Amino acid sequence: MDASSDTGCDAVGHDLLAWYDAHARVLPWRSPPHTPAPEPYRVWLSEVMLQQTTVAAVKDYFAKFIARWPTVDALAAAADEEVMAAWAGLGYYARARNLLACARAVAARGGRFPDTEEELRALPGLGAYTAAAVAAIAFGRRAVVVDANVERVVARLFAIEEALPGARGTIREKADGITPEARSGDFAQAMMDLGATVCTSRAPRCLLCPLSAHCAARAMGAPERFPVKAPKKAKPARKGQAFWIERGDAVWLVRRPGKGMLGGMRALPDDGWSARADGSGEGPLAGPWESAGKVTHTFTHFGLDLHLSVYLGADWTRLPPGGGEWWPLDRLDEAGLPTLFAKAASLALAGTGD
DNA sequence: CATACGTGGCC
DNA sequence: TGGCCAAGTAT
């Protein structure tokens, strides 16, 4: 037997589940090992929030959503702008739009989530990972659950030299080979816990790892070399402007278009900056504008220097074109501004002494 | 298959 | 401090 066949698939599952029984993280959306599964609604909501997002960042949002919308039917009945505002700050806002679309699709079929991976995959916002995770965790189905943690653990277990993202197919096959028939939901969560707490990206704690005896990367003495990754593209640096138009007790807010950057979110008016180009420098009104400083913000695929121009004592007979609303300054935290514009608002309020 | 899409934490 | 990273999906 070679080093990989003696991992004998079953041995990995057995060792990992034994470790999980003793070391499973306690999380608000999770049931402990050997207890009934959480409600599918909670599993689904947490999995969507956790897409590309850390556990620490999700916790408060999960609690807020569950308190405000305890069931999928309640969420389905919510107003779009309420949900978008509640999601503000969590990022990847297409998730919030798909969350509502999915909740309404589930409500339309009686408030019950489908219980197969294939049907779950057809719902808005559920890709290969989330459909597999919900099928396994909420419904006990055997499913191959592959997220970034699993990719890292598997790439190390089998010392996969092929670089991501090309190695996805190979990694999935290997993950399939070690996924047990029984307890596949626990297995998936165990892999993710292992990746998050032991088989970490930097400085993996191999001495604490229940799979170290099976690990090819460990045997090579080079666990941190895996997974191999393709080099990243440089982020362009963009410049743009945002405009703070104040009427004494209120500021002019717009709603961004439903798709694209920060789609569907409330925002300050801007000069049309994007990932592809700088803004025009043109404001929505003639002014008079006063400079209030600059906000720097880094998005996934570009960096932005956002210059803020302020117009105090605006005349309400001269509303900017294109629609918007006067938003009370004392309720600005309820507007649901994405972080970039929340930073700009703080800058404006600091500068105006409000 | 490549790209667009947020944010905060870590070293 | 700037780059890397995190329970990915849609197109």
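Throughout, a chain's letter reflects where its sequence line sits, starting with A, and its residues are numbered from 1. The structure displayed is predicted, hence computed values, not measured ones.
Each of A:Met261 and A:Pro165 was assigned the nucleotide of DNA chain B with the nearest heavy atom; the assignment lying further toward the 5' end belongs to A:Pro165. Comparing A:Lys343 and A:Gly166 by the nucleotide of DNA chain B that holds the closest heavy atom to each, the one mapping nearer the 5' end is A:Gly166.
Using a cut-off of 4.0 Å between Lys/Arg side-chain N and Asp/Glu carboxylate O, A:Glu81 and A:Arg266 are scored as salt-bridged. In summary, A:Asp115 and A:Arg141 engage in a salt bridge, as defined by a charged side-chain N under 4.0 Å from a carboxylate O. Between A:Arg104 and A:Asp80 there is a salt bridge, since a side-chain N of the basic residue sits under 4.0 Å from a carboxylate O of the acidic one. Comment: A:Asp270 engages A:Arg256 in a salt bridge, judged by a side-chain N to carboxylate O separation of less than 4.0 angstrom.
In the interface, the side chain of A:Thr53 is paired with the base of B:dG6 through a donor and an acceptor atom under 3.5 Å apart. For A:Tyr92 against B:dG6, a side-chain-to-base donor-acceptor contact under 3.5 Å is present.
For A:Gln52 and C:dG8, the shortest distance from a side-chain N or O to OP1 or OP2 is below 4.0 Å. Under 4.0 angstrom from either OP1 or OP2 of B:dT7 there lies at least one side-chain N or O belonging to A:His297.
Among the heavy atoms of the strands lying under 4.0 Å from A:Thr339 are primed sugar atoms or P, OP1, OP2 only; no base atom is included. Contacts of A:Arg168 with the nucleic acid, taken as non-hydrogen atoms under 4.0 Å apart, are absent. Within the nucleic acid shown, A:Leu304 has no heavy atom closer than 4.0 Å to any nucleic acid atom.
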